[in-house]
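The chains referred to below are lettered A, B, ... by the order of the sequence lines, with proteins before strands, and numbering in each begins at 1. Keep in mind that what you see is a predicted model, and the values were worked out from it rather than measured. What you see below is based on every heavy atom in this structure, not just the backbone, and it leaves out hydrogens, waters and symmetry mates.
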Amino acid sequence: MVGQIVEVEAYRGKDDPASHAFRGPTPRNAPMFGEPGHAYIYFTYGNHYCLNFTTQRVGVPGAVLIRALQPVEGISLMKRFRPNVADVELTSGPGKLTKALWIDKSLNEQDLTVRGPLFVVDRGDKGLEIARSTRIGVGEHGGDKFWRFFVRGNPYISRRGGIREMTSS
DNA sequence: TCGAAGATTCTA
DNA sequence: AGAATCTTCGAA
């Protein structure tokens with residue numbers, strides 16, 4: 001199965017109260033402090049896995065939460081993992097996309113830069129219009145940061161009301 | 001050891 | 001608008 005990443009959010013460390021790494025390393029967030037380019041996968045709300053791509057050098061916490069994909073290949077299989085949902089809803093959220101691609105904690109800490117069970121490649125797309133907004137689902141702390149990035153107008157991004165979009169630079 | 005919160009989703 | 005559902009973490 002293949003999907004194009006169309007929405008992400010950035011999370012950091014002690015300067016980011018919304019981050020799992022805000023209070024330092026724990027068993028769960030260990031991948032955020034590890035090698036860059038690896039998977040950080042966690043389970044939340046008793047139901048959902050969320051997939052992150054680690055970004056910083058060893059010892060520095062940082063990750064990008066993959067919030068939405070545009071399905072590209074293997075759509076019928078995604079539908080089997082997420083029955084009875086419209087195509088546009090298949091991967092339009094961090095918990096939705098992990099279910100559609102059958103991503104769980106067994107893939108935690110995978111190296112996403114090399115070909116394997118789960119990996120990311122740069123398609124070299126040019127000219128995509130990237131918009132940014134406040135992050136979704138974060139509380140009062142950290143809600144001021146415009147660290148959500150998405151392809152403007154893409155129908156596969158997650159939908160939720162009340163998002164403050166950055167107006168100008 | 002216990003309790004509260006959570007980078008969500010689905011249903012009413 | 002509210003429930004479901006259970007792991008994780010920090011405090012006691």
Which ones in residues 89-111 of chain A lie close to DNA chain B, meaning a heavy atom under 4.0 Å from one of its atoms?
A/Gly93, A/Pro94, A/Gly95, A/Lys96
I want to verify a distance call: between [options], whose nearest atom is closest to the [X] side chain?
X        : options             : value
A/Tyr42  : C/dC9, B/dA7, C/dT5 : B/dA7
A/His48  : C/dC9, B/dT9, C/dT7 : B/dT9
A/Ser19  : C/dC6, B/dA7, C/dC9 : B/dA7
A/Val138 : B/dA7, B/dT9, C/dT5 : B/dA7

Measure [atom1]/[X] against [atom2]/[N] and give the value in whole Å, please.
X        : N      : atom1 : atom2 : answer
A/Asp16  : B/dA7  : CG    : C1'   : 10 Å
A/Glu9   : B/dT8  : CD    : C1'   : 12 Å
A/Asn47  : C/dT8  : CG    : C1'   : 16 Å
A/Glu140 : B/dA5  : CD    : C1'   : 12 Å
A/Met32  : B/dA7  : CE    : P     : 11 Å
A/Glu7   : B/dT8  : CD    : P     : 10 Å
A/Arg28  : C/dG10 : CZ    : C1'   : 12 Å
A/His141 : B/dA7  : NE2   : P     : 13 Å

Under 3.5 Å donor-acceptor pair, A/Tyr45 side-chain atoms to C/dA4 base atoms
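No pair found.
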With both distances under 3.5 angstrom, what nucleotide forms a Watson-Crick or G-U wobble pair with B/dA7?
none
For [X] and [N], is the shortest distance between a side-chain N/O and OP1 or OP2 below 4.0 Å?
X       : N      : value
A/His20 : B/dA7  : yes
A/Arg82 : B/dC10 : yes
A/Arg23 : C/dT8  : no

Over 12 non-hydrogen atoms of neighbours within 6.0 angstrom of NZ in A/Lys145:
yes
Looking only at side chains, do A/Asp125 and A/Gln4 share a donor and an acceptor under 3.5 Å apart?
yes
Do we see a donor-acceptor contact under 3.5 Å between the side chains of A/Ser19 and A/Arg12?
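On atom types as modelled, these side chains do not qualify, holding no pair under 3.5 Å.
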If two hydrophobic side chains count as joined below 4.5 Å and joins carry through other members, does [X] share a cluster with [Y]?
X        : Y        : result
A/Tyr42  : A/Phe22  : no
A/Ile66  : A/Leu128 : yes
A/Ile130 : A/Ile157 : yes
A/Phe33  : A/Leu112 : no

Name the orientation class of the two ring planes belonging to A/His20 and A/Tyr40 (parallel below 30°, tilted from 30 to 60°, perpendicular beyond 60°).
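Taking A/Tyr40 first and then A/His20, their aromatic rings stand perpendicular (interplane angle over 60°).
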Regarding A/Phe43, tell me which of base, sugar-phosphate or nothing describes its non-hydrogen contacts under 4.0 Å with the strands shown.
sugar-phosphate
